[in-house]
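These notes are about the structure you will find just below.
Start at 1 with the first residue, then count along the sequence.
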Amino acid sequence: MRLKDKVAIITGAGLGMGREASVLFAQEGAKVVVFDLNEAAAQETAAIIEKNGGKALVVAGNVAKEADVKRCVEEAVAKFGKLDILYANAGVLWKDRDKSVIETTEENWDIVQAINLKGPFFLTKHGIPELQKAGGGSIILVGSISALAGFSLAQDSYTCAKGALISLNKSLAVQFGPDNIRCNIIHPGMVDTALQAPYLTPEKKKAIGDSLPMKRLGVARDIANAALFLASDESCWMTGAEMIIDGGFIAT
Ligand SMILES: NC(=O)c1ccc[n+]([C@@H]2O[C@H](COP(=O)([O-])OP(=O)(O)OC[C@H]3O[C@@H](n4cnc5c(N)ncnc54)[C@H](O)[C@@H]3O)[C@@H](O)[C@H]2O)c1
């Protein structure tokens with residue numbers, strides 16, 4: 001019960017790493033606010049949590065819309081009385097639209113920024129005052145190995161949004177450390193979720209997995225385990241840090 005009595009908002013909690021973390025956090029005692037654009041997926045996550053005996057609240061909304069994120073924070077506090085953990089997990093990787101700067105339209109650039117960068121801005125803007133009221137808390141941002149290395153198949157808006165989160169991570173850590181609020185960022189490598197599914201044939205998955213030191217793609221649990229550590233008091237002296245969880249990709 002590493003998150004006993006904690007209340008967490010997890011964005012993008014309907015699928016992938018967000019669902020995995022929601023279920024894991026609830027197993028560890030947290031009450032989980034499952035926020036997602038895909039309400040049916042969010043309901044499924046909540047049903048898994050409740051079947052396991054945990055507590056969940058579904059809030060449907062878009063992280064790129066400030067009013068939706070503000071409502072999520074308000075509903076979380078109204079239902080569970082406080083807020084301790086903000087996990088800004090929702091993100092999109094649209095390789096068909098988000099390409100190199102010389103190919104991307106302004107519209108596509110902006111929407112990718114709105115989801116991947118403004119989403120965490122809105123969550124922390126409205127969530128941090130609640131963490132302050134609770135006497136502290138943990139913020140988890142999600143970057144990417146895309147922000148740490150150049151790739152010949154570019155997704156420049158995604159890369160820039162994830163890179164900007166590295167700066168936000170340090171800024172929030174420094175600003176709010178004195179309030180006992182920590183902020184850390186996880187950089188996943190290639191993880192086998194719905195986000196990557198449109199771009200990965202079984203052959204491609206195997207080839208990429210084989211190219212990594214750990215000889216496989218990541219699974220959602222690999223990232224959720226790290227998020228659990230960052231959410232829990234076990235990481236209580238860790239802030240402004242970056243965790244690369246990539247099967248060794250960046251080391252090669
Ligand atoms: N999968 C990877 O290989 C990989 C690698 C590096 C970083 N990441 C990052 O990890 C995070 C989670 O990725 P994943 O692979 O679990 O993704 P996923 O596509 O499997 O799940 C993402 C969830 O976010 C929700 N979502 C999307 N846009 C939203 C919005 N505007 N508002 C609210 N919810 C929204 C989706 O409905 C979905 O439930 C993302 O930030 C992603 O950029 C993923």
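Here the closest heavy-atom approach between residue P120 and residue L117 is recorded as CD-O, 3.2 Å. G135 and N180 make their closest contact through O-ND2, 3.2 Å (heavy atoms, listed as atom of the first residue, atom of the second, distance). Of all heavy-atom pairs between V112 and Y158, the closest is CG1-N, 3.6 Å. Contact detail for R2 and L228: the closest heavy-atom pair is NH1-CD2, 3.2 Å. Closest of all the heavy-atom pairs between A220 and V191 is N-CG1, 3.7 Å. Minimum heavy-atom separation, A90 to G12: CB-N, 3.6 Å.
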Check your understanding: Does the pair D233 and K6 meet the rule for a salt bridge (Lys or Arg N to Asp or Glu O under 4.0 Å), with working shown?
Key -> CA-CA 11 Å; D233 294 339; K6 308 258 190 209; 3.2 Å; yes
Exercise for review: Could you walk me through whether I85 and I139 pass side-chain contact (heavy atoms from CB on, under 4.5 Å), step by step?
Suggested key: CA-CA 6 Å; I85 297 157; I139 302 166; over 6 Å; no
Review point. Do M190 and Q196 pass the side-chain contact (heavy atoms from CB on, under 4.5 Å) test, and can you show the C-alpha distance, the side-chain angles, and the key distance before you say yes or no?
Key: CA-CA 8 Å; M190 196 173 270; Q196 293 284 4; 3.7 Å; yes
Practice item. Start with the C-alpha gap between V73 and L83, add the side-chain angles, then the distance that decides, and say whether side-chain contact (heavy atoms from CB on, under 4.5 Å) holds. Key: CA-CA 8 Å; V73 170; L83 200 49; 4.1 Å; yes
Check your understanding: Stepwise, does the side-chain contact (heavy atoms from CB on, under 4.5 Å) test hold for Q27 with V23?
Key -> CA-CA 6 Å; Q27 269 170 13; V23 173; 3.9 Å; yes
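The distance from the CG atom of N89 to the CG atom of D36 is 9.0 Å, given to the nearest 0.5 Å. Between the CD1 atom in I115 and the CG atom in N62 there is a gap of 6.0 Å [rounded to 0.5 Å]. Taken to the nearest 0.5 Å, the CZ atom of R97 stands 15.0 Å off from the CD atom of E103. Interatomic distance, F35 CZ to L57 CG, rounded to the nearest 0.5 Å: 11.0 Å. In this structure, the separation between SG on C160 and CD on Q155 is 11.5 Å, given to the nearest 0.5 Å. The NZ atom of K162 sits 9.0 Å away from atom CG of L93, with the distance rounded to the nearest 0.5 Å.
Follow the hydrophobic side-chain contacts under 4.5 Å out from L123 and you reach L168 in the same cluster. Residue L24 is grouped with residue I49 when hydrophobic side chains (ILVMFWY) are merged at heavy-atom distances under 4.5 angstrom, including chains of intermediate members. Linking Ile, Leu, Val, Met, Phe, Trp and Tyr whenever their side-chain heavy atoms come within less than 4.5 Å puts V92 and F121 in one cluster. Residues L15 and V63 are members of separate hydrophobic clusters, defined by side-chain heavy-atom contacts under 4.5 angstrom among Ile, Leu, Val, Met, Phe, Trp and Tyr. Linking ILVMFWY side-chain heavy atoms closer than 4.5 Å, directly or via other members, places M243 and L3 in a single hydrophobic cluster.
Shown here are the side chain to side chain contact (heavy atoms under 4.5 Å, CB included) partners of T104, two or more places apart in sequence or in another chain: D98, K99, N108, W109. Remark: A241 engages N184, M238 in a side chain to side chain contact (heavy atoms under 4.5 Å, CB included) (not counting sequence neighbours).
Among L230, I10, L141, the single residue meeting the side chain to side chain contact (heavy atoms under 4.5 Å, CB included) criterion with Y87 is I10. When each of T193, L200, D222 is checked for a side chain to side chain contact (heavy atoms under 4.5 Å, CB included) with L217, only L200 meets the rule.
Between D192 and K205 there is a salt bridge, since at least one side-chain N of the basic residue sits less than 4.0 Å from a carboxylate O of the acidic one. Using a cutoff of 4.0 Å between basic side-chain nitrogens and carboxylate oxygens, R71 and E75 are scored as salt-bridged. A salt bridge is absent between K31 and D84; no separation between the charged side-chain nitrogens and carboxylate oxygens falls under 4.0 Å.
No donor-acceptor distance shorter than 3.5 angstrom exists from the side chain of Q175 to the backbone of A173, with no hydrogens or angles considered. In this structure, N225 contributes its side chain and R221 its backbone to a donor-acceptor pair below 3.5 Å. At distances below 3.5 Å, not a single donor-acceptor pair connects side-chain atoms of T159 with backbone N or O atoms of D156. Distance alone, capped at 3.5 Å, places no donor-acceptor pair between the H187 side chain and the I244 backbone. No donor-acceptor distance shorter than 3.5 angstrom exists from the side chain of S171 to the backbone of S167, with no hydrogens or angles considered. Judged purely by atom type and a 3.5 angstrom limit, N38 uses its side chain to pair as donor or acceptor with the backbone of A41.
With contacts defined as side-chain heavy-atom distances shorter than 4.5 Å, the pair D210/L212 does not qualify. Counting heavy atoms from C-beta outward, P188 and I145 have side chains that stay 4.5 Å or more apart. Taking 4.5 Å as the limit, every side-chain heavy atom of I185 sits out of range of all side-chain heavy atoms of I140.
The neighbour count for K95 NZ, taken as heavy atoms of other residues, nucleotides or ligands under 6.0 Å away, is above 12. Around the CD atom of E234, the shell of radius 6.0 Å holds more than 12 heavy atoms that belong to other residues, nucleotides or ligands. For K4, the NZ atom is loosely surrounded, since the number of other residues' heavy atoms within 6.0 Å does not exceed 12.
Counting only N and O atoms by type, the side chains of H126 and E66 include a donor and acceptor under 3.5 Å apart.
Sequence neighbours left out, the pairs with a member in residues 169-180 that pass salt bridge (charged side-chain N to carboxylate O under 4.0 Å, His left out) are K170-E242. Sorted by first then second residue, the salt bridge (charged side-chain N to carboxylate O under 4.0 Å, His left out) pairs that include residues 132-144, not counting sequence neighbours, are E130-K133. The ring-ring contact (aromatic ring centres under 6.0 Å, His included) pairs that include a residue from residues 218-252 are F151-F249, where partners are two or more places apart or lie in different chains. For the side chain to side chain donor-acceptor pair (under 3.5 Å) condition, the pairs that include at least one residue of residues 42-59, sequence neighbours left out, are R19-E44, R19-T45.
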